[in-house]
Amino acid sequence: MSTPVALTIAGSDSSGGAGIQADLKTFAALSVYGASVLTALTAQNTTGVTGVHLVPPDFVAAQIDAVFDDLAVGAVKIGMVAQAPIAEAIAASLARRQPIHVVLDPVMVATSGARLLPEDAIDALRRRLIPLASLITPNLPEAAALLDETVATSDAAIAEQGRRLLALGCPAVLIKGGHGHGADSTDYLVTAESSIALASPRVATRNTHGTGCSLSSAVAAGLAKGEGLEAAVRHAKAFISGAIAAADRFTVGHGHGPVHHFYRYY
């Protein structure tokens, strides 16, 4: 039997709660072997980001080539791309390698509120990376930013923004509802054929660092194992809901603490 492999292309979080570290924890928790390509190093903790050191675009490409030259990558997750030249390098590399599944999490702002993507890089996301993606996973503010619109506040408006995002070239959009309000946190899986609302009880916790990274990685893990898109999204939603619900078992940091990726084991 072959081992399912997922690759994350993202930034490093020195506090271990988000980015590459969260992605690799998610892959491991879901029985998938994880490989990684770093786009940036962040000096970061649960209270904020104090510094970013970018990886040269040609070295990002070299890391991607090294992984694909040796490993049978079943799915790719893309997180923090940091700047337009890095986005271009990732797009060129993946266009050559043509992975079956690409999950793009358009990371723009950290949970702490720190800006992680300059305005001039958003265009590179739209033009170069979204058309390569099997699924994009913006939260409500990110979906609005990609469309240059205000944040949607109703179910109908969220689903409509999802349909407009499809026009950017991807076949599926998962708009995450964690920034919404109400008793449930509802995500919307939008394709050309349907719009599916996926609700789970909203958990009262401040420990939500890395939730977006972990959800997109969980979807990639499911796709790497051969699950269909809807099944992978549903399983990922269940996983992250459990990880958030168990987050308060940890006492880590003084800000937005991490979710509990291994809540099923300890």
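For the numbers below, each heavy atom of this structure counts, side chains included, while hydrogens, waters and symmetry mates do not. Just so we're clear, the structure is a prediction, and the values are computed from it rather than from any experiment.
- No donor-acceptor distance shorter than 3.5 angstrom exists from the side chain of K176 to the backbone of L215, with no hydrogens or angles considered.
- Rounding to the nearest 0.5 Å places OG of S14 at 13.5 Å from CD1 of I20.
- F59 CZ: 12 or fewer foreign heavy atoms inside a 6.0 Å radius.
- Closest approach of V55 to I86, counting heavy atoms only: O-CD1, 3.5 Å.
- Residue-environment remark: OH (Y33) stays at or below the threshold of 12 foreign heavy atoms within 6.0 Å.
- Ring geometry, Y266 versus F262: the interplanar angle falls under 30°, so the pair is classed parallel (tilted spans 30 to 60°).
- The two residues A121 and A84 come nearest to each other via the heavy atoms CB-N, 3.6 Å.
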Using distance only, find each side-chain donor-acceptor pair of residues 230-240 under 3.5 Å and give its atom names and separation, not counting sequence neighbours.
| from | atom 1 | to | atom 2 | distance (Å) |
| --- | --- | --- | --- | --- |
| E230 | OE2 | R234 | NE | 3.0 |
| E230 | OE2 | R234 | NH2 | 3.1 |
| H235 | ND1 | E227 | OE1 | 3.2 |
| H235 | ND1 | E227 | OE2 | 3.2 |
| H235 | ND1 | A231 | O | 3.3 |
| K237 | NZ | S185 | O | 3.0 |
| K237 | NZ | D187 | OD2 | 3.1 |
| K237 | NZ | S200 | OG | 3.4 |

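- Rounded to the nearest 0.5 angstrom, N207 CG and T46 OG1 are separated by 8.5 Å.
- Panel note: side chain T39, backbone A10; a donor-acceptor pair is recorded below 3.5 Å.
- In this structure, N45 contributes its side chain and T47 its backbone to a donor-acceptor pair below 3.5 Å.
- With hydrogens and angles ignored, the 3.5 Å screen pairs no side-chain donor or acceptor of Q161 with any backbone N or O of I158.
- Pairing each heavy atom of A204 with each of D248, the nearest pair is O-OD2, 4.2 Å.
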